[in-house]
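Counting starts at 1 for both ligands and their atoms, in listed order. Positions are given from 1, in the same order as the sequence printed here. Because the structure is predicted, anything quoted here is derived from the model rather than measured.
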Amino acid sequence: MDVIHTVSELRTRLREERRVALVPTMGNLHEGHIQLIRIAKPRAACLVASIFVNRLQFGPKDDYDRYPRTLDPDCEKLAAAGCHVVFAPNEKIVYPEPQTFTVDPTASLQNILEGEFRPGHFRGVATVVLKLFNMVQPQVAIFGKKDYQQYLVLRDMVRQFELPIDIIPAETVRADDGLALSSRNGYLSALERVEAIRLYQALHKIRGAIYAGERDFAKLEREASAQLDAAGWKTDYVAVRRQQDLLEATTQERRLVVLGASRLGSTRLIDNLEINL
Ligand code: PAF
């Protein structure tokens with residue numbers, strides 16, 4: 001496996017490759033990322049993982065500085081998973097000058113849910129992903145559904161800009177107790193780690209209620225938020241939405257997703273579950 005830090009070396013390495021799959025990451029890899037590599041494997045001859053902690057998508061109160069940088073163990077995991085190239089540029093490579101051109105995702109998608117609590121986040125994500133696409137020029141890219149809104153933003157970006165890239169969504173990988181794997185789980189204390197499944201349980205309960213026929217989504221959302229907060233969480237949102245664009249769902253909608261974001265101590269966790277009626 002080649003570990004490459006500059007765009008020119010990357011171009012040289014990929015020149016002869018006819019079908020490249022990209023798995024963009026911010027590093028600190030866990031089984032969820034490795035699953036993305038596995039999904040990429042049958043779809044391309046050359047698997048590239050990028051590792052770059054993108055300052056542009058972090059808000060002033062976010063965890064950019066404390067976000068774990070773990071390049072060596074990440075490379076070991078990627079090599080073991082059969083990755084061919086790791087592209088790990090530094091900030092000067094990705095942003096050699098201030099990034100004054102940006103990608104502004106659809107307002108109705110970027111300003112809701114995560115976007116409401118992290119203004120500018122999806123502009124930062126879309127901008128860096130477009131740059132990574134231009135640097136790597138993949139035919140396929142894989143994104144986890146754990147970041148459901150991010151997946152939709154990037155899927156729509158590729159469609160609207162006619163980028164010749166297949167975007168493949170990957171199911172969320174969970175620990176045995178149901179907790180969605182996330183680099184941010186590493187911030188949890190042992191006690192918080194036990195408590196952390198409450199968010200998944202809350203979403204699971206809503207999914208069960210909807211499968212059982214409940215259609216008062218606002219009531220389900222209110223109850224879940226209140227239960228989390230009563231257990232000491234600080235909930236940003238629990239929302240039942242349409243899968244296609246995350247707009248509010250009518251009771252007739254058959255493709256739903258319930259999404260939640262809540263803070264446990266100093267760690268903000270997000271999760272979601274699709275509901276197909
Ligand atoms: O999902 C992530 O890790 C990041 O948002 C991404 C897609 C690598 C862009 O920085």
Side-chain angles (χ1 to χ4, degrees), residues 4 7 10 20-37 39-40 47-59 62-71 73-75 77-78 81 83 85-91 93-95 99 102-105 109-110 113-115 117-136 138 140-158 161 163 165-173 180-187 259 261 267-272:
I4 291 175
V7 179
L10 181 71
V20 173
L22 173 63
V23 174
T25 81
M26 298 206 298
N28 196 232
L29 304 182
H30 50 68
E31 187 51 32
H33 296 106
I34 301 307
Q35 182 64 13
L36 304 182
I37 298 284
I39 289 172
L47 308 184
V48 180
S50 63
I51 298 181
F52 178 65
V53 184
N54 173 38
R55 187 190 291 277
L56 233 57
Q57 70 189 73
F58 287 78
D62 287 345
D63 53 353
Y64 176 77
D65 287 324
R66 75 162 176 157
Y67 201 87
R69 275 89 170 158
T70 52
L71 184 61
D74 288 348
C75 287
K77 289 176 192 163
L78 288 167
C83 184
V85 176
V86 174
F87 177 48
N90 66 21
E91 263 203 289
I93 298 287
V94 178
Y95 299 122
Q99 188 66 36
T102 55
V103 180
D104 221 0
L109 181 56
Q110 76 154 315
L113 304 170
E114 283 305 283
F117 292 92
R118 305 181 70 189
H121 171 68
F122 290 115
R123 184 181 310 123
V125 169
T127 301
V128 81
V129 170
L130 181 62
K131 293 195 78 157
L132 290 168
F133 282 171
N134 286 332
M135 290 168 173
V136 178
V140 184
I142 326 291
F143 293 94
K145 284 204 261 183
K146 157 91 176 10
D147 294 299
Y148 205 88
Q149 196 171 357
Q150 166 174 285
Y151 156 62
L152 295 187
V153 163
L154 297 173
R155 181 199 65 181
D156 291 359
M157 175 180 85
V158 163
F161 284 119
L163 303 181
I165 304 171
D166 290 335
I167 299 295
I168 311 289
E171 295 304 325
T172 301
V173 178
L181 297 194
S182 163
S183 300
R184 293 192 167 90
N185 295 349
Y187 301 149
L259 310 102
T267 308
R268 188 171 179 280
L269 298 177
I270 64 171
D271 199 356
N272 68 80

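Scanning the protein heavy atoms around atom 9 (C) of ligand 1, the nearest turns out to be Q57 OE1, 3.3 Å. Closest to atom 3 (O) of ligand 1, if we only count protein heavy atoms, is M26 CG, 3.6 Å.
Counting all heavy atoms, side chain and backbone alike, L181 lies closest to G32 at CD1-N, 3.8 Å. Of all heavy-atom pairs between F122 and P105, the closest is O-CG, 3.6 Å.
A cation-pi geometry, defined here as NZ or CZ lying under 6.0 Å from the six-membered ring centre and within 45° of its normal, does not hold between R55 and Y95.
Ring orientation note: the planes of H30 and H33 are tilted relative to one another, at an angle of 30° to 60°.
Polar contact check, T25 against ligand 1: no nitrogen or oxygen pair lies under 3.5 Å apart. For Q150, a nitrogen or oxygen atom sits less than 3.5 Å from a nitrogen or oxygen atom of ligand 1, counting backbone and side chain alike.
Close approach of ligand 1 to V128 is summarised as follows: ligand atoms under 4.0 Å from at least one heavy atom of the residue are 9 (C), 10 (O). Close approach of ligand 1 to P24 (heavy-atom distance below 4.0 Å) involves ligand atoms 8 (C).
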Problem - Stepwise side chain to side chain contact (heavy atoms under 4.5 Å, CB included) test for F161 and V103 - result: CA-CA 11 Å; F161 284 119; V103 180; 4.0 Å; yes
